[in-house]
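Take a look at the structure set out below.
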Amino acid sequence: MAMAENMAPDMAPDTQYLELLQLVERLHRQLLDVVKDELDREGLDDLNSVQALLLFNIGDQELTAGELRTRGHYLGSNVSYNLKKLVDAGYIRHERSAVDRRSVRVSLTESGSAVRAQLNKLFDRQAASLQAVGGVDTDQLPAMNTALARIERFWADHIRFRM
C-alpha cells in the first residue's frame, strides 16, 4: 500500500505537506513512465515521454517555446532541446513569427498529431477506469484539482513575492 494511504489524517500539517511534496514528485515520474510504456507499445522509439507530453500540450495550437515554458512549466533549455529533436524527427513544424523575427512558432505535423491522439486515447482509457480499477472516487476529482491548483498558485506566489 502506498505511503499516502497509510498516513493518519490527524498527522501534523508539516508532515502531511512533506508527504504531499514527495507524492507530487513520484506522480510526475510515474506519469512519465506510463507515457513511455504507451510509446513502447506503439513502437514509437524515437520519442521520449517528455517529448510526447510536449506534443500533447501543444495540441492544435501554434505556440512559442516561451509559451510552452509558461504553460507547461518545462525548463527553458529542456524545451529548446526537445523542440529541436521533435522538428528533426518530423513531429513539429516551426516558422519564424512575421511580427517578431526572433520568435519561432511551433505546431504539430500530421505525425505529431497522431502521437497526441494516441496519448489522448490513453488518458481517456485511464479516466474511464480510474474509479473501477484505480479505486479513485471520480466525484472527488474537482476538489483534488482545485487543491492542486491552489498549491500551484501558492508556489508561484512564493517565487513571485519572495515569501
Side-chain angles (χ1 to χ4, degrees), residues 1-39 47-86 91-92 97 100 103-108 112-113 115-163:
M1 195 174 269
M3 193 184 315
E5 295 178 53
N6 290 328
M7 290 185 54
D10 59 347
M11 289 182 97
D14 59 338
T15 303
Q16 288 188 6
Y17 181 68
L18 292 175
E19 177 63 22
L20 171 79
L21 296 178
Q22 292 174 348
L23 184 57
V24 166
E25 186 179 8
R26 286 194 315 265
L27 284 170
H28 176 68
R29 282 196 305 266
Q30 192 70 37
L31 172 61
L32 293 175
D33 289 346
V34 165
V35 169
K36 182 61 177 153
D37 181 64
E38 184 71 9
L39 295 173
L47 280 175
N48 66 38
S49 53
V50 170
Q51 292 165 344
L53 285 172
L54 267 170
L55 295 174
F56 184 79
N57 288 325
I58 291 170
D60 296 330
Q61 304 171 77
E62 186 177 282
L63 302 168
T64 66
E67 289 169 327
L68 278 169
R69 278 190 298 273
T70 302
R71 295 176 188 187
H73 307 286
Y74 302 100
L75 298 175
S77 61
N78 193 8
V79 170
S80 299
Y81 171 82
N82 283 308
L83 286 177
K84 181 180 179 339
K85 291 291 193 184
L86 290 167
Y91 291 104
I92 287 183
S97 170
D100 180 359
S103 178
V104 175
R105 303 198 63 76
V106 297
S107 60
L108 301 184
S113 292
V115 172
R116 181 177 186 263
Q118 187 62 40
L119 288 183
N120 213 25
K121 282 193 245 178
L122 166 67
F123 297 148
D124 285 347
R125 282 193 324 265
Q126 289 181 332
S129 65
L130 193 58
Q131 189 157 343
V133 178
V136 175
D137 183 353
T138 55
D139 291 338
Q140 293 181 353
L141 288 176
M144 288 184 229
N145 288 337
T146 297
L148 289 171
R150 287 179 180 164
I151 290 168
E152 179 184 31
R153 173 79 185 263
F154 172 75
W155 287 345
D157 288 350
H158 183 86
I159 294 165
R160 186 177 307 118
F161 301 118
R162 298 182 179 255
M163 299 168 53

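None of the values given here were measured: they were computed from a predicted structure.
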Pair E19-T15, side chain to side chain contact (heavy atoms under 4.5 Å, CB included): steps then yes or no: CA-CA 6 Å; E19 177 63 22; T15 303; 5.9 Å; no
Between CD on residue Q126 and CG on residue L130, distance to nearest 0.5 Å: 8.0 Å
If you compare all heavy atoms of L53 against all heavy atoms of L119, which two are closest, and at what distance to 0.1 Å? N-CD1, 4.3 Å
In terms of heavy-atom contacts, E38 and Q118 come closest through OE2-NE2, 2.7 Å
Decide if atom CZ of R125 counts as having more than 12 heavy atoms of other residues, nucleotides or ligands within a radius under 6.0 Å. yes
With a 4.5 Å limit on heavy-atom distance, are the side chains of R71 and N57 in contact? no
Scanning both residues in full, the closest heavy-atom pair of R116 with G59 reads NE-CA, 3.0 Å
Heavy-atom distance under 4.5 Å between the side chains of Y17 and L20, does that happen here? yes
Which heavy atom of A52 sits nearest a heavy atom of V115, and at what distance? CB-CG1, 4.3 Å
Going through the distances and angles, do V106 and L86 end up as a side chain to side chain contact (heavy atoms under 4.5 Å, CB included)? CA-CA 10 Å; V106 297; L86 290 167; over 6 Å; no
Could you measure the distance from the OG atom of S49 to the CG atom of D37? Nearest 0.5 Å is fine. 11.0 Å
To the nearest 0.5 Å, tell me how far Q22 CD sits from L27 CG. 12.0 Å
Heavy-atom closest contact (L39 atom, L47 atom, distance): CD1-O, 3.8 Å
After noting the C-alpha distance and the side-chain angles of R150 and R153, does the key distance pass the side chain to side chain contact (heavy atoms under 4.5 Å, CB included) rule? CA-CA 5 Å; R150 287 179 180 164; R153 173 79 185 263; 5.5 Å; no
Between L63 and E67, what is the shortest heavy-atom contact and its length? CA-OE1, 3.2 Å
To the closest 0.5 Å, what do you measure between NZ (K84) and OH (Y81)? 9.0 Å
Working to the nearest 0.5 angstrom, can you tell me the gap between L68 CG and I58 CD1? 5.0 Å
Enter the distance from L83:CG to L54:CG here, rounded to the nearest 0.5 Å. 6.0 Å
So which pairs with a foot in residues 132-146 pass side chain to side chain donor-acceptor pair (under 3.5 Å), sequence neighbours left out? Q131-T138
Heavy atoms from other residues, nucleotides or ligands near NZ of K36 exceed 12 (cutoff 6.0 Å): yes
I'd like to know whether N82 forms a side chain to side chain contact (heavy atoms under 4.5 Å, CB included) with N48, so could you lay out the CA-CA distance, the side-chain angles of the two residues, the decisive distance to 0.1 Å, and finally the verdict. CA-CA 9 Å; N82 283 308; N48 66 38; 4.0 Å; yes
